[in-house]
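Hydrogens, waters and symmetry mates are skipped; everything else that's a heavy atom, side chains included, is used.
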Amino acid sequence: MGYRKVVRRLAVVSILCLATHGGAVKGADGEILSPGKLRSMGEVAMSERKFDEAALYYQRAVEAEPENALNYYRLYRVHSRMKRMSEALKDLTKALEIDPTKTEYRNQKAKLLVSLGQCDQAVEEYELLKSQNAADPSATAEAEACANDTRDALLEYASGNWDAAVVHFENVLSRVDQASDLLFMKAQAQYHRGDYYGTVSDTGRIIKAHSGHLSAYQLRGEAYFRLGEHDMAVTHFREGLKLDPEHKGCKKGHKAVKALLKKKKRGDDAYEAGKYDEAIENWWSAINLDSTHLAFFIPTLLDIVKAHSKAGQHEEAIYEATKHVNHAETKEGFFALGDAFVAAERFEEGIRTFSRAQQSLPDTEQRACQEKIQQAQVALKQSKEKNYYKILGLQRNANKKEIKKAYRDLALKWHPDKNTDNKEEAEKMFQ
């Protein structure tokens, strides 16, 4: 609450004293403020959009005249304007307890129940209105449709029929304004059917409305994890743990992400150091933490293919790349398999793989496919000539740094001064 609001609220409180005198409140200046006067002051504050002040005036009216339904109804109106719908519902319920004949109040309560996603209870209110010949047929039908969709959604949710559950939840939520419990169940259903972006979207709406919703932080973190957006997953698990450091779901999720990232980093570091077997071992260790985590499994499998090729383990590289392509025909998978074939000097199979990619992939990828085909064709042609890559013990896709290093190592190895017992062969190799 801003400074001005605090000052204004204190000023209003100072006007009202706690003493009541025969159904009236005594003001700070000694003026007797009757319930009617308090309601009038509340109306003025409402017209000026000073909702906090209006709520205080109506609350004092309630305290001074607790058996007047009008006081609760006025309090409902201001709480409704303040978007404090749970309090607004309590106000209307109390007003109707005092005077159940007020059809205007009951109509407002039925509408409010629908907006809160409590459609079964709204139908009950409309049944009472029917008995008073005051029910709106259109609004009644809408509440009944909402109640039916809610029951169907909950039934499908309980049965694990996630697609059907999402459809019914969407029908319900299109009719209501605030129903975080139903929106959360929809988000869970979307998660179970693999719609992680939908889960992120819906839990984001929940967190915006209820910043302390721990389960929403956990579910959103898990959805980001499944999308491979691990930093965002960590952020949401941490936000949940700020609210409750002992929250089991957020603790478990945070621990799982950190364990995976730790093993992946070990693999990345080993690869950069040229320790390809160690890199492969760490990457597989990370994958095996959760083999259903496809957003991590698939790209990491491509890293494993590259490491096998770098280590000269061509058959293993081809095997893993083939698994990737069989799972999903992506550009990355096709290119990894084609490159593995070329590294194994199975050039014609590499050309066929790149050609298959060209046939399967969209027009936007055609140029890249054609370049790969041409590179493989050049490698095939060069394979029939003297292969300097092979002499250096390198793959054809070796970079300049690798070529220079291999050349220096080979030059030192075959330098005539270091091969006095085998000088003729050394001179031949050194040329």
Side-chain angles (χ1 to χ4, degrees), residues 228 260 263-361 365 368-384 387-403 405-406 409-410:
L260 181 140
K263 289 182 181 295
K264 183 181 185 304
K265 187 177 186 307
R266 286 177 180 172
D268 294 345
D269 291 345
Y271 183 86
E272 290 300 320
K275 301 175 182 178
Y276 302 120
D277 287 337
E278 184 180 330
I280 292 167
E281 181 182 353
N282 278 290
W283 285 331
W284 273 118
S285 181
I287 288 171
N288 289 331
L289 290 172
D290 183 354
S291 59
T292 67
H293 185 9
L294 297 181
F296 178 75
F297 188 163
I298 292 172
T300 305
L301 190 59
L302 295 180
D303 291 334
I304 289 170
V305 170
K306 293 176 185 176
H308 277 307
S309 290
K310 288 284 189 183
Q313 301 161 359
H314 303 302
E315 293 306 315
E316 290 87 345
I318 291 167
Y319 174 76
E320 300 296 355
T322 300
K323 282 200 306 188
H324 186 287
V325 171
N326 289 341
H327 175 78
E329 293 188 345
T330 64
K331 181 185 79 171
E332 293 78 13
F334 277 125
F335 284 11
L337 179 57
D339 288 340
F341 277 128
V342 170
E345 298 190 2
R346 293 163 61 174
F347 304 110
E348 292 181 352
E349 289 172 275
I351 292 169
R352 284 198 294 271
T353 299
F354 294 132
S355 297
R356 181 182 165 196
Q358 193 173 41
Q359 294 169 5
S360 303
L361 298 178
E365 304 293 350
C369 292
Q370 188 58 42
E371 289 176 355
K372 283 290 187 180
I373 291 170
Q374 290 173 353
Q375 290 169 6
Q377 288 171 337
V378 170
L380 174 60
K381 183 179 179 181
Q382 289 176 343
S383 69
K384 298 173 183 178
N387 188 344
Y388 292 103
Y389 288 101
K390 191 170 185 179
I391 293 170
L392 291 172
L394 297 172
Q395 300 173 33
R396 291 181 180 274
N397 60 355
N399 57 42
K400 290 182 179 179
K401 184 178 179 181
E402 291 170 328
I403 292 171
K405 183 178 184 303
D409 291 345
L410 206 59

K.L.:
Can you tell if the side chain of Asp339 reaches within under 4.5 Å of the side chain of Lys372, non-hydrogen atoms only?
P.N.:
yes
K.L.:
Which heavy-atom pair separates Ser291 from Phe297 by the least distance, and what is that distance?
P.N.:
O-CD1, 3.4 Å
K.L.:
Measure across Phe347 and Val342 and return the closest heavy-atom pair with its distance rounded to 0.1 Å.
P.N.:
CE2-O, 3.6 Å
K.L.:
How many angstroms lie between CG in Leu294 and OG1 in Thr300, if you round to the nearest 0.5 Å?
P.N.:
11.0 Å
K.L.:
Check whether any side-chain heavy atom of His293 lies under 4.5 Å from a side-chain heavy atom of Leu260, and answer yes or no.
P.N.:
yes
K.L.:
Any side-chain heavy atom of Ile351 within less than 4.5 Å of one from Leu380?
P.N.:
yes
K.L.:
Of the options Glu349, His314, Arg352, which is the one that meets Phe341 in a side chain to side chain contact (heavy atoms under 4.5 Å, CB included)?
P.N.:
Glu349
K.L.:
How long is the span from the CD atom in Gln382 to the CD atom in Gln377, to the nearest 0.5 Å?
P.N.:
12.0 Å
K.L.:
Just so I know, are the side chains of Arg356 and Val325 near enough to count as touching, which here means a heavy-atom distance under 4.5 Å?
P.N.:
yes
K.L.:
Shortest non-hydrogen contact from Gly333 to Leu302?
P.N.:
CA-CD2, 4.1 Å
K.L.:
Can you name the nearest heavy-atom pair linking Thr353 to Gly338, along with the distance?
P.N.:
CG2-N, 3.7 Å
K.L.:
Given the side-chain rings of Tyr276 and Tyr271, with only the six-membered ring counted for Trp, is the space between their centroids under 6.0 Å?
P.N.:
yes
K.L.:
Under the criterion side chain to side chain contact (heavy atoms under 4.5 Å, CB included), I'd like the reasoning laid out for Leu301 against Phe296: C-alpha separation, chi angles, the key distance, then a yes or no.
P.N.:
CA-CA 8 Å; Leu301 190 59; Phe296 178 75; over 6 Å; no
K.L.:
Might you point out which heavy atoms bring Gly228 and Ala295 nearest each other, and give the distance in Å?
P.N.:
N-CB, 3.6 Å
K.L.:
Should Lys275 and Asp269 count as an ion pair when the cut-off is N to O under 4.0 Å?
P.N.:
no
K.L.:
Once you round to the nearest 0.5 Å, how far does OG1 of Thr330 lie from CD1 of Ile298?
P.N.:
7.5 Å
K.L.:
Under the salt bridge (Lys or Arg N to Asp or Glu O under 4.0 Å) rule, what do Glu320 and Lys323 come out as? Steps first, then yes or no, please.
P.N.:
CA-CA 5 Å; Glu320 300 296 355; Lys323 282 200 306 188; 3.0 Å; yes
K.L.:
Check whether any side-chain heavy atom of His324 lies under 4.5 Å from a side-chain heavy atom of Leu337, and answer yes or no.
P.N.:
no
K.L.:
Does the side chain of Ile280 come within less than 4.5 Å of Gln313's, by heavy atoms?
P.N.:
yes
K.L.:
CD/Gln358 to CD/Glu371 distance, rounded to the nearest 0.5 angstrom?
P.N.:
11.0 Å
K.L.:
Measuring from Lys264:NZ to Leu289:CG, what's the distance to the nearest 0.5 Å?
P.N.:
13.5 Å
K.L.:
With rounding to the nearest 0.5 angstrom, report the CD to CD distance, Glu365 to Gln370.
P.N.:
13.5 Å
K.L.:
Quick check: do Cys369 and Leu361 have side-chain heavy atoms less than 4.5 Å from each other?
P.N.:
yes
K.L.:
Check whether any side-chain heavy atom of Asp268 sits under 4.5 Å from a side-chain heavy atom of Trp283, and report yes or no.
P.N.:
yes
